[in-house]
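Numbers restart at 1 for each chain; the letters A, B, ... are given by sequence-line order, proteins then strands.
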Number of protein chains: 2
Amino acid sequence: MRSREFLGHHELMVMLAVLRLGRDAYGVPIAAEIAQRTGREMLQGSVYAILERLESKGLVTSRLGEATPQRGGRAKRYFALTAEGSRQVRETQRALEALWHGLTKTAGAKP
Amino acid sequence: MRSREFLGHHELMVMLAVLRLGRDAYGVPIAAEIAQRTGREMLQGSVYAILERLESKGLVTSRLGEATPQRGGRAKRYFALTAEGSRQVRETQRALEALWHGLTKTAGAKP
DNA sequence: CATTTAATCAATGATAATGAAGAAAATAGG
DNA sequence: CCTATTTTCTTCATTATCATTGATTAAATG
C-alpha cells in the first residue's frame, strides 16, 4: 500500500465542511460552506469526486435521503465522517499545528 | 492558467519548515523538521521535488552556499520564501482556520 | 578509496480541476 | 391530467498537477 501519510488539502477541507454541516452535509451545501468560509470557490464536480474518494477509503459514509416537497427537491446524498475519518482529520490538524505553532506572527516577516 | 486555488498540503508543510528554519533552511533539515514535528517521515526526494516546484512557481528562492569544513560538507542549497510565498502561506492558513474554527473540540464527537 | 552529507533523477501513482451532461423531483400551462 | 420546463442535485470524462519511491550522482573529508 502506497500510504499517503496525510490527507490531501481538499480532502481535509471537505471533511471539515462535513463536520460543520452535521446532518445537512450533502454535496451542494458542502461546496457552499467551503466557498463561503474560505472565500474561494470549489467546484461541485471536485467536491463529489473527493467525497467518492473519501468514501472508497472508508473515511466517510453516505446515505440516500428522501425527496423533499419543493421544486427540484430530489433526493440528497448525505455524508458523515467515519471514526477513522475523524481520526485522520484530528491527526492532520495536529501535524499542521505542530509545524505552525509559534509561527503565526512571523509568517510574513522576512528580513 | 489553471491556478490551483490553494497550496498543496506538502507544499504548505515544506514552506512552514523553511520559515521555522530561517537561514538554516536546506533540504536535509527541512525533511528532519517535518519528521520531528509531525511524527511522520517525508522522504528527501519528496522534499526536493516540492522545493523545485515551489521555486518554479516563484514561492521560494534558493541560493547556493559554500562548502563547510567537515566530512561530507558539500555546498548546501538554502531556501527562503518570497513575498508571494509568504502571502500564500498566510492565505492557506487563514482558509483552513476558517473551516476549522470552533470545531476543534467536536472533531471526534459523532453521535 | 572509503565514507559522509547533500542533492538530483526517473518513473509511477494518487489527487485535483474543469466543463458538461445526466437524473429526479416539482410546478406550470394547456 | 399530462407533458414541458425549471430547479436541484449528482455523475462522468478528460486533463493537469502533486506526491512517492528508490536509486543515483556529486562533492567534500579521512
Side-chain angles (χ1 to χ4, degrees), chain A residues 1-15 21 24-35 38 40-57 59-60 62-79 88 92 95, chain B residues 1-15 21 24-35 38 40-57 59-60 62-79 88 92 95:
Chain A
M1 173 164 117
R2 175 176 287 230
S3 68
R4 253 200 191 295
E5 312 233 334
F6 301 98
L7 291 172
H9 226 133
H10 288 204
E11 294 176 328
L12 175 60
M13 290 197 293
V14 165
M15 290 217 257
L21 291 166
D24 263 350
Y26 64 97
V28 173
I30 291 172
E33 179 82 4
I34 291 172
T38 70
R40 310 250 189 146
E41 208 182 341
M42 183 184 275
L43 294 190
Q44 301 199 339
S46 297
V47 171
Y48 285 109
I50 289 164
L51 285 168
E52 258 182 45
R53 198 188 320 134
L54 290 174
E55 185 161 27
S56 85
K57 292 201 284 185
L59 303 181
V60 305
S62 72
R63 65 187 171 79
L64 213 52
E66 294 174 17
T68 53
Q70 55 179 284
R71 186 153 184 163
R74 69 173 284 198
K76 303 166 175 65
R77 197 167 158 207
Y78 292 100
F79 291 87
Q88 289 206 20
T92 302
Chain B
M1 174 162 119
R2 177 176 286 229
S3 69
R4 252 201 194 297
E5 311 233 335
F6 300 99
L7 291 172
H9 225 134
H10 289 204
E11 294 175 327
L12 176 60
M13 290 198 293
V14 165
M15 290 217 256
L21 290 166
D24 263 350
Y26 65 96
V28 174
I30 291 172
E33 179 83 3
I34 291 172
T38 69
R40 311 248 188 145
E41 209 180 342
M42 183 183 275
L43 294 191
Q44 301 197 343
S46 298
V47 171
Y48 287 109
I50 289 164
L51 285 168
E52 259 183 45
R53 198 189 317 136
L54 290 174
E55 186 161 26
S56 83
K57 292 200 284 184
L59 303 181
V60 304
S62 72
R63 64 188 173 80
L64 213 52
E66 295 175 17
T68 54
Q70 55 180 282
R71 184 151 188 166
R74 70 173 285 196
K76 303 168 177 64
R77 198 167 158 206
Y78 294 100
F79 292 87
Q88 289 207 19
T92 303

From [atom1] of [X] over to [atom2] of [N], roughly how many Å is that when rounded to an integer?
| X | N | atom1 | atom2 | answer |
| --- | --- | --- | --- | --- |
| Glu55(B) | dA7(C) | CD | P | 13 Å |
| Ile30(B) | dT8(C) | CD1 | C1' | 15 Å |
| Ile50(B) | dT17(D) | CD1 | P | 16 Å |
| Leu12(B) | dA16(C) | CG | P | 14 Å |
| His9(B) | dA16(C) | NE2 | P | 10 Å |
| Phe79(A) | dC9(D) | CZ | P | 13 Å |
| Arg53(A) | dG13(C) | CZ | P | 17 Å |
| Glu52(A) | dA14(C) | CD | P | 16 Å |

To the nearest 0.5 Å, how far apart are CG in Leu54(B) and CE in Met15(B)?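 The CG atom of Leu54(B) sits 5.0 Å away from the CE atom of Met15(B).
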
Can you tell me how far the CD atom of Gln88(A) sits from the CG atom of Leu12(A), to the nearest 0.5 Å?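 Between Gln88(A) CD and Leu12(A) CG, I get 10.5 Å after rounding to 0.5 Å.
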
Does a side-chain N or O from [X] land closer than 4.0 Å to OP1 or OP2 of [N], or not?
| X | N | answer |
| --- | --- | --- |
| His10(B) | dT20(D) | yes |
| Arg71(B) | dA2(C) | no |
| Lys76(A) | dA24(C) | no |
| Tyr26(B) | dA7(C) | no |
| Arg74(B) | dT25(D) | no |
| Tyr48(B) | dT8(C) | no |

Arg77(B) and Tyr48(B), any side-chain heavy atoms less than 4.5 Å apart: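 The answer is no, as the side chains (C-beta and beyond) never meet within the 4.5 Å cut-off.
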
What is the nucleic acid contact for Gly45(B), judged by heavy atoms within less than 4.0 Å: base, sugar-phosphate only, or nothing?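 Result for Gly45(B) = base.
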
When we call it a touch if two heavy atoms are under 4.0 Å apart, what does Gln70(A) touch: a base, just sugar-phosphate, or nothing?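 Counting heavy atoms under 4.0 Å across all strands, the contact made by Gln70(A) is with sugar-phosphate only.
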
Which nucleotide in the list dT18(C), dT15(C), dA16(C) gets nearest to the side chain of Ser46(A)?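 My answer, after comparing the listed nucleotides, is dT18(C).
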
Students often mix this up, so state it plainly: with edges at 30° and 60°, are the rings of Phe6(B) and His10(A) parallel, tilted or perpendicular?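 Because their plane-to-plane angle is over 60°, the rings of Phe6(B) and His10(A) count as perpendicular.
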
Applying side chain to side chain contact (heavy atoms under 4.5 Å, CB included) to Leu59(A) and Glu11(A), what does each step give before you reach the verdict? CA-CA 10 Å; Leu59(A) 303 181; Glu11(A) 294 176 328; over 6 Å; no

DNA chain C: Gln44(A) or Pro69(A), which has the more 5' nearest nucleotide?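 It is Gln44(A) whose nearest nucleotide is closer to the 5' end.
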
